[in-house]
There are 2 protein chains.
Amino acid sequence: MIKNEVAVVGVGCTKFGDRYERSFEELICDAAFEAYADAGIEPDEIEAAYLGTYLPGPGGGKAAVSLADALRLYDRPITRVENYCATGTDAFRNGCLAIASGVYDIVLVLGAEKLKDRGGRGLPRLGHPLLARGNTAPGLFALAANRYMHTFGLGRETLAKVAVKNHRNGARNEKAHLRMEVSEEQVLKAPIIAWPFGLLDCCPTTDGAAAAIICRASLAKRFRKPAVLVKGAGLAVSTGRPYFDPTFDYLGFRSTQAAARQAYTMAGVAPRDVDFAEVHDCFTWTEISNVEDLGFCRKGEGGRLVEEGRTALEGDIPVNPSGGLKSFGHPIGASGVRMIYECVTQLRGEAGARQVKDAELGLAHNVGGPGAVACVIVLGRS
Amino acid sequence: MIKNEVAVVGVGCTKFGDRYERSFEELICDAAFEAYADAGIEPDEIEAAYLGTYLPGPGGGKAAVSLADALRLYDRPITRVENYCATGTDAFRNGCLAIASGVYDIVLVLGAEKLKDRGGRGLPRLGHPLLARGNTAPGLFALAANRYMHTFGLGRETLAKVAVKNHRNGARNEKAHLRMEVSEEQVLKAPIIAWPFGLLDCCPTTDGAAAAIICRASLAKRFRKPAVLVKGAGLAVSTGRPYFDPTFDYLGFRSTQAAARQAYTMAGVAPRDVDFAEVHDCFTWTEISNVEDLGFCRKGEGGRLVEEGRTALEGDIPVNPSGGLKSFGHPIGASGVRMIYECVTQLRGEAGARQVKDAELGLAHNVGGPGAVACVIVLGRS
């Protein structure tokens with residue numbers, strides 16, 4: 001079983017952003033060696049690894065061997081996991097299963113992605129069948145956002161407040177991609193990408209990597225810092241074409257609801273027990289809908305949560321203290337592991353200017369597809 | 001732990017070949033529903049799934065949701081695994097870890113690949129950095145084959161005997177892609193692809209899918225047929241560019257050796273305990289070298305093994321009773337799971353005209369990269 005039997009003992013994360021100066025392999029090294037130092041572990045102690053990366057290498061397959069070559073992790077098992085924008089959290093989940101199986105004691109989970117300098121072969125080639133027909137990610141999420149805003153009477157001002165909050169958090173985070181505060185007016189006046197999303201409602205295109213070293217909980221004491229325990233993990237794939245599904249109400253994602261249910265059940269906790277969360281905010285609306293699907297409030301109340309400041313750093317359920325995808329950036333395969341990095345940093349009380357008070361239980365959540373797949377990880381202080 | 005705690009209770013496999021008439025999703029259904037019927041299980045009992053597929057969808061990511069949509073397996077975890085030509089066996093290995101973790105009781109492992117009708121976006125775009133510079137898979141394996149043949153004094157006649165043997169087995173297998181016997185003369189006279197490989201030294205380009213249903217061994221009794229137990233599983237990634245590694249001797253693959261060591265250690269068996277093996281034979285030479293790296297004979301003796309008929313169906317260590325990649329075909333992500341299908345079929349005594357006598361312990365082995373990664377699974381009768 002995973003609950004309380006898997007511990008995170010080291011985390012690392014590169015600066016996110018335009019990382020033209022660092023290759024895919026160099027970003028992997030930067031994240032991994034920070035995690036090695038954080039744990040106080042020798043690289044050779046890693047028994048197995050999982051690499052979460054979304055975009056394939058030229059033609060389709062370079063991932064597991066890329067990690068091996070970058071880190072000189074030879075002659076041991078390395079598996080590449082890919083699961084849309086939930087790639088990073090699912091890689092982490094599979095690392096936890098591998099530890100819980102009893103086969104491996106110490107596992108490295110690494111998420112990495114280069115989106116900025118792929119010679120034009122990056123985002124424009126993204127693979128959803130709808131995207132291939134001219135629908136972009138902003139366009140697809142906007143369909144749901146419009147229906148949601150109509151149904152619950154939300155304006156763009158509420159969406160903008162998510163951007164303001166997350167940029168405020170990200171500005172305090174030296175590793176964030178877009179380290180600037182933005183005003184509600186700036187968000188509202190930014191060029192429209194796909195109504196209701198303006199440029200500042202959208203997360204940026206980012207390079208980055210993040211790493212987590214996990215081990216059997218009974219071994220956690222030997223590492224440098226207090227361990228953080230994995231409490232629950234859930235993954236749910238719903239249809240890959242939710243917009244063609246006649247039961248889809250355009251008000252939220254069943255995949256998030258199902259993954260959260262799995263994770264809460266495993267952890268034996270309720271949403272109200274969660275002290276803070278890293279929530280997938282590829283667009284401002286996505287955070288509003290996801291906090292509902294995660295159970296932090298009822299459907300339709302997510303807007304009020306941000307308006308009342310309850311999801312702010314000082315609120316009762318801080319959401320995206322890191323800055324979120326919105327400000328921290330979203331290198332697809334890296335994002336989920338970067339969320340684990342943030343949860344662990346917060347639970348250790350090491351988050352500095354963006355520290356959540358009395359953080360004892362944190363949650364990381366990715367959604368991809370859009371809406372096709374979601375992964376939820378619950379982490380707690382020992 | 002995996003050993004004796006994970007059981008295979010159902011397997012399915014499509015006809016391999018030019019499957020222009022069946023889509024990726026339809027091949028998934030064909031394999032899965034055969035496995036459901038084989039196990040006597042309702043589809044809804046599947047708690048989690050792993051999909052092994054190598055080539056990405058258009059742009060990079062369609063896999064986990066493709067499986068969900070094809071099989072209507074909604075609201076549960078599905079992970080796509082990719083690991084070069086070891087994709088299928090590694091998906092199976094991760095399914096075993098998921099069962100062994102105690103989190104899931106019943107897991108579906110599915111390998112699927114369409115190589116034939118990808119509108120030119122299939123094999124020519126294969127992703128190894130060497131391939132991108134004009135080296136093809138036959139060309140790369142040929143470098144090692146030539147060095148090996150020089151070192152150990154082998155001729156093309158010995159390589160041809162592998163093709164003759166595997167086509168003889170495959171001709172007895174109604175699901176094989178190339179169901180024809182070939183003579184040594186035919187193999188030797190076939191057009192040269194990359195010396196020493198002629199056309200009939202190379203496995204074909206194939207579509208297909210295969211499935212395995214695995215469960216906690218203690219639950220295996222409720223299914224239709226006697227369970228087959230997973231005894232060992234190993235995965236090893238060596239450098240992605242072995243041909244640039246100055247310690248590479250061009251005589252065999254370190255990844256196979258390391259993966260085999262892991263699997264034998266877990267199973268508590270020695271190579272001599274293995275009754276038959278499905279061995280990666282993308283080229284005739286690959287089988288000869290791999291049987292050595294798997295420990296069935298000493299380095300340099302693999303040619304004699306086939307010359308003396310010891311790897312034939314009636315030999316003391318039958319290799320590729322299915323027909324192997326050579327005759328059965330090689331839809332990349334499907335191959336490993338297809339090997340599990342063959343091992344289970346043999347261990348149950350259901351292999352008909354290609355049945356290995358007294359098969360109690362079988363082994364499945366994939367290598368990819370070339371030589372960059374290998375996966376070994378050991379399976380035994382209850």
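Residue numbering restarts at 1 for every chain, and letters A, B, ... go by the order of the sequence lines.
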Side-chain donor-acceptor pairs of residues 363-370 of chain A under 3.5 Å, sequence neighbours excluded:
residue: A:H365; atom: ND1; partner: A:H280; partner atom: N; Å: 3.3
residue: A:H365; atom: NE2; partner: A:T256; partner atom: OG1; Å: 3.0
residue: A:N366; atom: OD1; partner: A:T89; partner atom: OG1; Å: 2.7
residue: A:N366; atom: ND2; partner: A:H280; partner atom: ND1; Å: 3.1

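For chain B, the nearby part of A:Q262 is the side chain; its heavy atoms alone come within less than 4.5 Å. For chain B, the nearby parts of A:A236 are the backbone and the side chain; heavy atoms of each come within less than 4.5 Å. Heavy atoms of B:L73 lying under 4.5 Å from chain A belong exclusively to its backbone. B:A100 touches chain A through backbone and side chain together, each having a heavy atom under 4.5 Å away. B:N94 touches chain A through its side chain: at least one heavy atom from C-beta onward sits under 4.5 Å away, while N, CA, C and O do not.
A donor-acceptor pair is defined here as one N or O able to donate and one able to accept, closer than 3.5 Å; such a pair exists between the side chain of B:D293 and the backbone of B:F253. Judged purely by atom type and a 3.5 angstrom limit, B:S238 uses its side chain to pair as donor or acceptor with the backbone of B:G371.
Under the side chain to side chain contact (heavy atoms under 4.5 Å, CB included) criterion, B:E5 pairs with B:M1, not counting sequence neighbours.
A:D75 pairs with exactly one of B:Q257, B:R254, B:R261 by the side-chain hydrogen bond (donor to acceptor under 3.5 Å, both in side chains) rule, that one being B:R254.
A donor-acceptor pair shorter than 3.5 Å can be found between the side chains of A:E113 and A:T53.
Chain B forms the most heavy-atom pairs under 4.5 Å with one residue out of A:G102, A:A91, A:S255, A:A259, and that residue is A:G102. Per-residue heavy-atom pair counts under 4.5 Å with chain A were compared for B:V103, B:V6, B:T79, and the maximum is reached by B:T79. Highest contact tally toward chain B, considering only A:V81, A:V237, A:N83, A:I99, is held by A:V237 [criterion: heavy-atom pairs under 4.5 Å].
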